[in-house]
Amino acid sequence: MASLLIHNAAQIATSIGRYRRGAEMNQLRLLRNASIYVQDGIIRAIGSASDVEKAISDSPEVIDASGSAVIAGLVDSHTHLVFAGTREQEFAMRVAGATYQDIAKQGGGILSTVKATRNATKEELKCVAKRYLALALEHGTTTMEIKTGYGLDEETELKLLDVIAELDAEQPITLAPTFLGAHAVPPERSKAEYLESLFALLPRAAQKARFIDAFVEENYFSAEEAEALCERAKRFGLLPRLHVHQFTANAGVKMGLRVGAASLDHLEKISDEDIGLLARSETVATLLPCVSLFLGYGYPPARKLIDSGAIVAIASNFNPGSAMTLNMQLTMFVASAQMRLSLAESLTAATLNAAYSLRLSDKIGSIEVGKEADLVILDVPSYEQAIYFFGVNHAKTVIKKGVVEWTR
Ligand code: NIG
């Protein structure tokens with residue numbers, strides 16, 4: 001494999017370690033006028049140009065990064081990326097006053113995407129998803145979690161897991177697959193029947209997925225139902241990460257901590273008591289600022305979570321109904337502008353802590369010697385400017401495992 005020298009970056013900005021919690025999220029390692037040497041996809045040296053040159057043992061391809069900041073590849077740890085169709089009519093209805101729940105009651109929402117997804121072939125789903133992944137890569141995402149949940153029957157859920165596996169092999173972004181059969185109850189089945197079918201599907205789903213998820217919410221799944229599913233799924237090696245407290249306060253956080261969830265996601269309606277419990281755990285609080293922006297229903301208490309010591313990640317929640325964006329730069333901006341994460345906290349949340357929630361932070365999520373070289377070279381001299389100057393793409397070159405996968 002070729003080697004690479006990223007020469008003389010104006011700034012290298014990164015968190016370090018396995019994860020950062022509470023006040024540590026604000027502490028970045030910042031280097032000025034520094035270089036990075038990569039060999040066989042692994043970061044071998046970081047430091048001043050002269051120090052890094054001493055570590056070079058071959059003739060690397062050189063990228064002049066003067067005037068640019070370099071950050072770790074962005075990690076989008078909560079998406080629903082494989083689906084057919086779009087739902088801009090629902091967006092227009094919401095702009096006119098309807099709520100997400102009103103639309104779901106009228107047969108729209110998740111079930112309308114389920115209909116479109118069931119009608120699509122595997123090739124059609126792959127083709128659409130590949131375009132979305134290419135867009136995410138251009139915006140600096142190098143690792144992404146993808147949930148199923150728009151099949152809601154055995155055949156389509158497994159098809160979605162196969163699509164994710166094939167896409168993982170066919171394009172540069174590393175994909176972490178999550179089985180979200182418990183996203184909604186399909187119209188043709190009772191909840192009891194559907195839950196039974198999900199239990200029966202677990203052994204096969206576990207061969208293709210890494211995580212198990214459930215939408216714990218009024219009119220979807222109760223904490224008890226999700227707990228039974230998670231406990232069973234764990235026997236097949238699936239690790240829970242769950243949708244909890246999105247529209248209503250519920251028992252999701254306490255249950256999620258009981259089942260040892262890697263991540264509890266959404267948390268818009270989390271109570272102070274649950275903030276305390278989550279903050280003392282090793283479970284990541286994954287916040288989704290773009291869904292709050294998109295649905296206009298208020299933001300999760302990010303400051304309280306961080307100030308209480310939680311491990312906070314942020315993700316796009318890319319999906320057609322509540323967050324039609326896969327732009328992690330925008331996600332960092334909204335996290336800072338609306339949830340009051342410091343710019344350093346937003347970067348930590350979108351890289352290292354998100355990687356930790358996927359159990360990948362031993363390999364990715366920060367710029368450290370020995371980690372994989374997933375890097376984004378920005379068109380601005382500081383990561384702060386990239387977050388603050390919002391709404392445009394600041395990725396200039398995106399590197400995955402030491403290979404330039406996208407550049408402009
Ligand atoms: O995370 N809440 C559940 N799932 C998505 C919405 C999915 C959809 O509306 O299609 C979310 O917001």
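Atoms within each ligand, like the ligands themselves, are counted from 1 in listed order.
- If you check which protein heavy atom lies closest to atom 12 (O) of ligand 1, you get Ser322 OG, 2.6 Å.
- For ligand 1, the polar-atom distance check finds an N/O of His183 within less than 3.5 Å of one of the ligand's N/O atoms.
- Under the 30°/60° scheme for interplanar angles, the aromatic rings of His78 and His266 are found to stand perpendicular.
- In this structure, Tyr150 and His183 have perpendicular ring planes: the angle between them is above 60°, well past the 30° mark.
- For the pair Arg44 and Tyr37, the cation-pi test (distance below 6.0 Å, angle within 45°) is failed.
- A distance of 11.0 Å separates CG in Leu347 from CD in Gln329, rounded to the nearest 0.5 Å.
- For atom 1 (O) of ligand 1, the closest heavy atom belonging to the protein is His266 NE2, 2.8 Å.
- For the pair Asp374 and Lys401, the salt-bridge criterion is not met [side-chain N within less than 4.0 Å of a carboxylate O].
- Near Arg87, the atoms of ligand 1 lying under 4.0 angstrom from a non-hydrogen atom of the residue are 8 (C), 9 (O), 10 (O).
- Regarding atom 2 (N) of ligand 1, its nearest protein heavy-atom neighbour is Gln246 OE1, 2.7 Å.
- Ring pair Phe390/Phe333 is parallel by interplanar angle, where below 30° counts as parallel and above 60° as perpendicular.
- Under the 6.0 Å distance and 45° angle rule, Arg359 counts as a cation-pi partner of Tyr356.
- In this structure, Tyr100 is part of the shell of residues with a heavy atom less than 4.0 angstrom from ligand 1.
- Taking 4.0 Å as the cut-off, Phe83 does not count as a neighbour of ligand 1 on heavy-atom distance.
- Which parts of ligand 1 touch Tyr150 is read off a 4.0 Å heavy-atom cut-off, strictly below it: atoms 7 (C), 8 (C), 10 (O).
- Contacts of Asn317 with ligand 1, taken as heavy-atom pairs under 4.0 Å, involve the side chain alone.
- A heavy-atom separation below 4.0 Å is not found between Glu217 and ligand 1.
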